[in-house]
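Just so it is clear: chains get the letters A, B, ... in the order the sequence lines come, proteins before strands, and each one is counted from 1. Below, all heavy atoms of this structure are taken into account, side chains as well, without hydrogens, waters or symmetry copies. Predicted model, so just to flag it, every value in this text is computed and none were measured.
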Amino acid sequence: MTVAEDRVFYITTPIYYVNDRPHIGHAYCTVLADVLARYHRLFGEETFFLTGVDEHGQKVQEAAAKRGLSPQAHCDEMQAHFRNLWPTLHVVHDDFIRTTEPRHEAVVQEALQRLWDAGEIYRGEYEGFYSPRVEKFFTAEELVDGKCPETGGEVFRIQEANYFFRMSRYQDALIDHIRRNPDFIAPESRRNEVLGFLSQPLKDLCISRPKARLSWGIPLPFDPEFVTYVWFDALLNYCSAIGLYRDEERFRRLWSGAHHLIGKDILTTHSVYWTTMLMALGLPLPRRIIAHGWWLVDRTKMSKSLGNVVDPLSLKDRYGVDSLRYFLMREMVVGLDADFSEEAFLRRHNFDLANDLGNLVNRLVRFAERAFQGRVPPPADREVSSQDRSLREMAQAAGPLVRSLVEALRVEQAVEAAMNLVRRINRYLAETEPFKVVKEDPARAGALVYQALEALRIALTLLRPVMPGKCTELLKAIGADTTEGRLEDLRWGGLAAGTPLALEGAPFPRHEVPSFEGEPAAPAAEAPKAPASEGPALVSIEDFQKIQWKVGTVVSAAPVPGSDKLLALEVDLGEGAPRPLVAGIGKVYDPASLVGRQVVVVANLAPRKVFGRESRGMVLAASGDQGPVLLAPMAPVPPGTPVR
RNA sequence: GGCGAAGUAGCUCAGCCGGUCAGAGCAGGCGGCUCAUAUCCGCCGUGUCGGGGGUUCGAGUCCCUCCUUCGCCA
């Protein structure tokens, strides 16, 4: 598939649920789409980038009613949360669609009418259990303890007429398509999941909701007593936004390059519902469906008791949007989960951006200011050293390399490839030493600086889709053209000698990394080095203070069945509800004797399961020869009293 | 319960179709430079590639099995 046809890259994000507050997951997905769009544009393709919001459904109706607003007024207000966020993340989309817009509703109705006319939709009886929380029906077998299997919420038995899409007709065709197109669903593990899902008989899809129950939706054109099921409505945004049934020529062109970026939670709706809908409508399937992973914040769900809650999006205000985008793209492998922590973020910022890239720009510009009147010095007539040649060759190879990695969705490797060029330039300067050469041979020193600047220009061009703001600024600083990047920008020799250089301040100021294990916080202080191999490592007061010690009163105690040394305790830590804890003190202490006693507990220990029960903390005891001896305050104190 | 993925240096991870695949970055140690944001450059890793079996001249790389973790489905 390397035909040089006019290639189109049409990238979509999911349309986000308008009730949601934007979080790191929305931001990642949308920034990734933006980065991909910018890369493909750089590579000379026609690109189109669509995002938007999903505004129909029961929860919107309810949320609006709660606020005493009409659903539309509610949506008009809420959609701004997303629309206003994107510019602050330097996301530039070509269109932003809302499912309540007439241009969308008209297409949904047209599509429904066509399917109805073609017999792809039929009226049937539906009997099942309805969960309003997730707006889904479940069969009796699917319920868990008579509740919604997904949320545990209430369900209602419902028997009603509804309309069904003959999804089951397309099962074999869909399996066939997925088998024939190994890249259709990425990553491969998700593709396997879909094939696994399709190994079971596919049912028809209920695509209507009676208006009596849900009015906030698009009416079925052939039966105004019903509105359209939200997914059937929402998925069509990918087509309605680019002119389906209104501008067929534009639609065909853009749709031929369709790529859907989604979270792994909506894999089935996209790869099964959506694809079969398209088949029934006689439309081609998208080129790719790409499911990305989740960000885990500080490895777990954010925890209030740990006091380390970081809103990842707030980091852009403190450290810059470019650094945040760089981190998101560099740290996550598309398709897999990744960890988000401020510490990891600052490491990337300091090591990659401040030390390697920022310092490189800075040292080159400052040197040129002093030695070459602040202008790009002229290049040599011909390369005189092997370093000259190898640097140029690496820079010339970087473009095609990055392009192939981006097309393979290895974004983190593409970023790394560009950064490797940056590191190579630093090495080039160390090897050729222009700052020494300049004393004897200024012309040669100038040629060396030109060579380095030119390689840097290419590196910045390749990093620009990820950090559009900062890279544009730095390209300007080294005297490069900063109009929208193009394939030609990746050719060697684009920098014109004599262009003035200008850089104000350090491009990426270093930031202190909050102290963590093994890293002294204050560099000047004589950090006590841990004795090489003997004796326990010393911990800082900061580290010690991370642990919350509290006094608690034992409320209940009982042996853990199946263990002779574990006791299951409930300890009142003054938190309202007592904490379940498991302690290995059963051989020494009689459960009954513990109730009412006070103990010392590590309150912010990560919860873990012991013998199948959750333990949310640790009871402290001296580990004596005769077994554990519990620690207790010498006089009673209120439960929850901190220990320092 | 079924299906699938993962388990590689202290940490985070690369390793496609079996044969320089035993690697990178970070952390740590040593050395060099001083144009530069205490930055940059060089050198230093004896890892049972989760355990066990098997196929093969040869296996992190294929097969079987077990363990652990995660995901999807039921």
Side-chain angles (χ1 to χ4, degrees), chain A residues 138-139 141-144 149-150 182 185 187-202 263-268 271-272 291 293-294 296 299 330-333 335-341 343-344 346-372 387 404-405 408 410 412-413 415-417 419-420 422-439 445 448-449 452-453 456 503-513 516-520 522-524 529-530 532-533 537 609:
Chain A
F138 298 97
T139 61
E141 306 84 67
E142 284 174 331
L143 298 183
V144 177
E150 292 186 17
I185 299 171
E188 196 181 350
S189 56
R190 299 295 163 197
R191 175 175 179 262
N192 291 338
E193 268 179 34
V194 175
L195 286 171
F197 181 86
L198 289 170
S199 67
Q200 302 296 317
L202 201 54
K264 59 187 181 180
D265 54 326
I266 51 177
L267 180 64
T268 304
S271 37
V272 181
W294 298 141
L296 307 177
R299 298 223 162 228
R330 175 63 185 79
E331 204 72 5
M332 182 174 267
V333 176
L336 304 182
D337 291 347
D339 288 307
F340 193 101
S341 71
E343 180 188 317
L346 286 176
R347 281 175 191 257
R348 284 290 176 208
H349 174 90
N350 283 346
F351 295 134
D352 294 2
L353 299 180
N355 293 355
D356 290 345
L357 177 58
N359 179 58
L360 171 62
V361 178
N362 195 47
R363 68 193 295 205
L364 276 172
V365 172
R366 300 293 169 233
F367 182 55
E369 278 172 353
R370 194 160 331 110
F372 307 105
Q387 283 99 336
S404 68
L405 289 169
R410 303 309 304 252
E412 88 292 354
Q413 288 184 23
V415 172
E416 187 61 8
M419 287 305 295
N420 278 337
V422 168
R423 296 183 187 108
R424 180 68 186 79
I425 301 168
N426 272 320
R427 185 147 50 89
Y428 173 81
L429 293 175
E431 286 168 356
T432 59
E433 298 181 307
F435 36 88
K436 277 188 184 168
V437 172
V438 72
K439 291 163 193 158
L448 293 170
V449 168
L453 283 171
L456 175 58
L503 179 67
E504 296 177 27
F508 296 97
R510 285 173 64 86
H511 293 286
E512 204 54 44
V513 179
F516 53 89
E517 214 175 323
E519 180 91 346
K529 293 195 174 173
S533 58
K609 287 217 165 178

Legend entry - Rounded distance in Å - CG (A/Asp352) to P (B/C13): 16 Å
Inset, instruction - Could you tell me whether A/Arg330 contacts a base, only the sugar-phosphate backbone, or nothing, with contacts defined as non-hydrogen atoms closer than 4.0 Å? - result: nothing
Legend entry - Whole-Å P distance, B/G58 and B/C13: 34 Å
Legend entry - Integer-rounded Å distance: B/A24 C1' and A/Met419 CE: 15 Å
Inset, instruction - Check the distance between B/G71's C1' and A/Arg191's CZ and give it to me in whole angstrom. - result: 17 Å
Inset, instruction - For B/C67 versus B/C11, give the span between their C1' atoms, rounded off to a whole number of Å. - result: 24 Å
Inset, instruction - Please state the C1' separation for the pair B/C3 and B/U46 - nearest whole angstrom. - result: 41 Å
Inset, instruction - Have a look at A/Gly358 and say if it touches a base, only the backbone sugar-phosphate, or nothing, with a 4.0 Å heavy-atom cut-off. - result: base
Tabulate protein N/O versus nucleotide N/O from nucleotides 39-44 of chain B, keeping only pairs under 3.5 Å, one per line.
{"residue": "B/U39", "atom": "OP1", "partner": "A/Arg510", "partner atom": "NE", "Å": "2.9"}
{"residue": "B/U39", "atom": "OP1", "partner": "A/Arg510", "partner atom": "NH1", "Å": "3.3"}
{"residue": "B/U39", "atom": "OP1", "partner": "A/Arg510", "partner atom": "NH2", "Å": "2.8"}
{"residue": "B/U39", "atom": "O5'", "partner": "A/Arg510", "partner atom": "NH1", "Å": "3.3"}
{"residue": "B/U39", "atom": "O2'", "partner": "A/Asn359", "partner atom": "OD1", "Å": "3.3"}
{"residue": "B/U39", "atom": "O2'", "partner": "A/Asn359", "partner atom": "ND2", "Å": "2.5"}
{"residue": "B/C40", "atom": "OP1", "partner": "A/Asp356", "partner atom": "OD1", "Å": "3.1"}
{"residue": "B/C40", "atom": "O2'", "partner": "A/Arg363", "partner atom": "NH1", "Å": "3.4"}
{"residue": "B/G42", "atom": "OP1", "partner": "A/Arg427", "partner atom": "NE", "Å": "3.3"}

Inset, instruction - With C1' as the reference atom in both, quote the distance from B/C62 to B/G47 in angstrom, rounded to an integer. - result: 23 Å
Legend entry - N/O (side chain, A/Arg370) to phosphate O (OP1/OP2, B/A36) under 4.0 Å: yes
Inset, instruction - With P as the reference atom in both, quote the distance from B/C26 to B/C40 in angstrom, rounded to an integer. - result: 9 Å
Legend entry - Pair A/Asn362-A/Arg366, side-chain donor/acceptor within less than 3.5 Å: yes
Legend entry - Student check: side-chain heavy atoms of A/Leu195 and A/Ile185 closer than 4.5 Å: no
Legend entry - Secondary-structure string, 5' to 3', Watson-Crick or G-U under 3.5 Å, | for another-strand partners, for RNA chain B: (((((((..((((.....[...)))).(((((.......))))).....(((((..]....)))))))))))).
Legend entry - Results of side chain to side chain contact (heavy atoms under 4.5 Å, CB included) for A/Arg510 - residues two or more places apart only: A/Asn350, A/Ala354, A/Asn355
Legend entry - Anti or syn - B/G60, cut at 90° from 0: syn
Inset, instruction - Tell me what A/Lys436 touches on the nucleic acid: a base, only sugar-phosphate, or nothing, going by heavy atoms under 4.0 Å. - result: sugar-phosphate
Legend entry - B/U61 to B/G18 separation - P atoms, rounded to the nearest Å: 11 Å
Inset, instruction - Take the protein atom CG of A/Leu405 and the nucleotide atom P of B/C16, then report the distance between them rounded to whole Å. - result: 15 Å
Legend entry - Interatomic distance at C1', B/G23 relative to B/C64, whole Å: 29 Å
Inset, instruction - Report which part of the nucleic acid A/Pro507 touches: base, sugar-phosphate, or nothing (heavy-atom distance under 4.0 Å, all strands). - result: base
Inset, instruction - Output the single nucleotide from B/A36, B/A5, B/C26 whose closest atom is nearest the side chain of A/Asn362. - result: B/A36
Legend entry - pi-stack flag for A/Phe367 and B/C35, centroid dist under 5.5 Å, interplanar under 30°: no
Legend entry - Euclidean distance for C1', B/A27 against B/U20 (whole angstrom): 28 Å
